[in-house]
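Keep in mind that what you see is a predicted model, and the values were worked out from it rather than measured. Numbered from 1 within each chain, the chains take letters A, B, ... in sequence-line order.
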Amino acid sequence: MSINVEKLSAILQNFVSGTSDVEGAALVTPDGLPLANTLPVGMDEERVSAMSAAMLSLGERIGSELARGSIDRIYVEGDSGYGVLTSCAEDAVLLVLASKAVKQGILMLEIKRVISELKLILI
Amino acid sequence: MRLVVTGPVSAGKSTFIRSISEIEVVDTDRRATDETTLLKHKTTVAFDFGRLQFSPNMALHLYGTPGQSRFDFMWDILIRQAHAYILLVAAHRPQEFRYARRVLSFMRQRSPAPVLIGLTHTDQPDPWDAENILIALGYLNDNHPPVITVNPTQPESVAQSVMALIQHYCETQAGVTQPSLR
């Protein structure tokens, strides 16, 4: 059975529009290719995908090399917002971009929820 | 001293570093899902890092770049820190020469560091010779970087090319610092 890409996109779209202060989301393969995304205008999906994969892979490496265990998420905090990377099933990485105003607790819960939704389609 | 190993997909960059590093190589390999799968199963997505104590007061840090151009932000980060770099080209895959040329011009635009061209996979059927590869890379006259044949799976061969790269680096350094003497 093939992956339902439209459904993946729909889930991401719902997530971005339904969660306040979330600006974009992208689902990519661990080797940095785009699967589905809803990104702010002006962001190149190829580049975003490659960066997400590189970042998560390095983060996981830091986790194992520096004895931090397996990595739940990678968190990039800038002065105008957040970027959160979470591994999603074996074959995907989820990147979520949120503005500085976002409530972090809500963001984490929402990410957890959307991942469980995405997993159903990916597996 | 920081050396960067670059080149097209599956030229032998990660193997090169694994052959010579004295620490366990920090790799960021992920299962490939693009056209890379035709060549190999895993591909580097951030960088490979290896270290070699060259002499008591000189440690070499080797950084391997990803091959695919979607990771060009990593190329950019790595090349700006490099003292010298080597471009690996698989001599038996002429379809990649144009891409290798693109990699090379990307690097040259961002860094004046000396470069060495390493030909790999020369033991495969129908490898091109150095002269023709140089032409394919855009070097039409004698003014080209040194070319060396290297087998990334053999530590001695890799060591030789690293020596050549360091030598090339020292020569260019001497050229840069003493122009006023002439």
B/Ala164 and B/Leu116: which non-hydrogen atoms are nearest, and at how many Å?
CB-CD2, 4.1 Å

Whatever's closer than 4.5 Å to a heavy atom in chain B on A/Met51 counts as both

Side chains of B/Leu3 and B/Leu165, heavy atoms from C-beta outward: is any pair under 4.5 Å?
yes

May I ask you to decide if A/Arg113's main-chain N or O and A/Ser116's side chain share a donor-acceptor pair within less than 3.5 Å?
yes

Listing needed: what donor-acceptor pairs below 3.5 Å join chain A with chain B?
{"residue": "A/Asp31", "atom": "O", "partner": "B/Arg70", "partner atom": "NE", "Å": "3.4"}
{"residue": "A/Asp31", "atom": "O", "partner": "B/Arg70", "partner atom": "NH2", "Å": "2.5"}
{"residue": "A/Asp31", "atom": "OD1", "partner": "B/Thr33", "partner atom": "OG1", "Å": "2.9"}
{"residue": "A/Asp31", "atom": "OD2", "partner": "B/Thr33", "partner atom": "N", "Å": "2.6"}
{"residue": "A/Asp31", "atom": "OD2", "partner": "B/Thr33", "partner atom": "OG1", "Å": "3.1"}
{"residue": "A/Gly32", "atom": "O", "partner": "B/Arg70", "partner atom": "NE", "Å": "2.9"}
{"residue": "A/Arg47", "atom": "NH1", "partner": "B/Asp72", "partner atom": "OD1", "Å": "2.9"}
{"residue": "A/Glu60", "atom": "OE1", "partner": "B/Arg30", "partner atom": "NH2", "Å": "2.3"}
{"residue": "A/Arg61", "atom": "NH1", "partner": "B/Asp27", "partner atom": "O", "Å": "3.3"}
{"residue": "A/Arg61", "atom": "NH1", "partner": "B/Asp27", "partner atom": "OD1", "Å": "2.8"}
{"residue": "A/Asp91", "atom": "OD1", "partner": "B/Arg31", "partner atom": "NH2", "Å": "2.4"}

Intermediate values then yes/no, side-chain contact (heavy atoms from CB on, under 4.5 Å), A/Leu33 and A/Val28:
CA-CA 5 Å; A/Leu33 292 168; A/Val28 313; over 6 Å; no

Show, in sequence, the C-alpha distance, side-chain angles and deciding distance for A/Glu23 and A/Tyr82, and conclude whether the side chain to side chain donor-acceptor pair (under 3.5 Å) test is met.
CA-CA 10 Å; A/Glu23 293 169 344; A/Tyr82 304 93; over 6 Å; no

A/Lys103, NZ atom: more than 12 neighbouring heavy atoms under 6.0 Å:
no

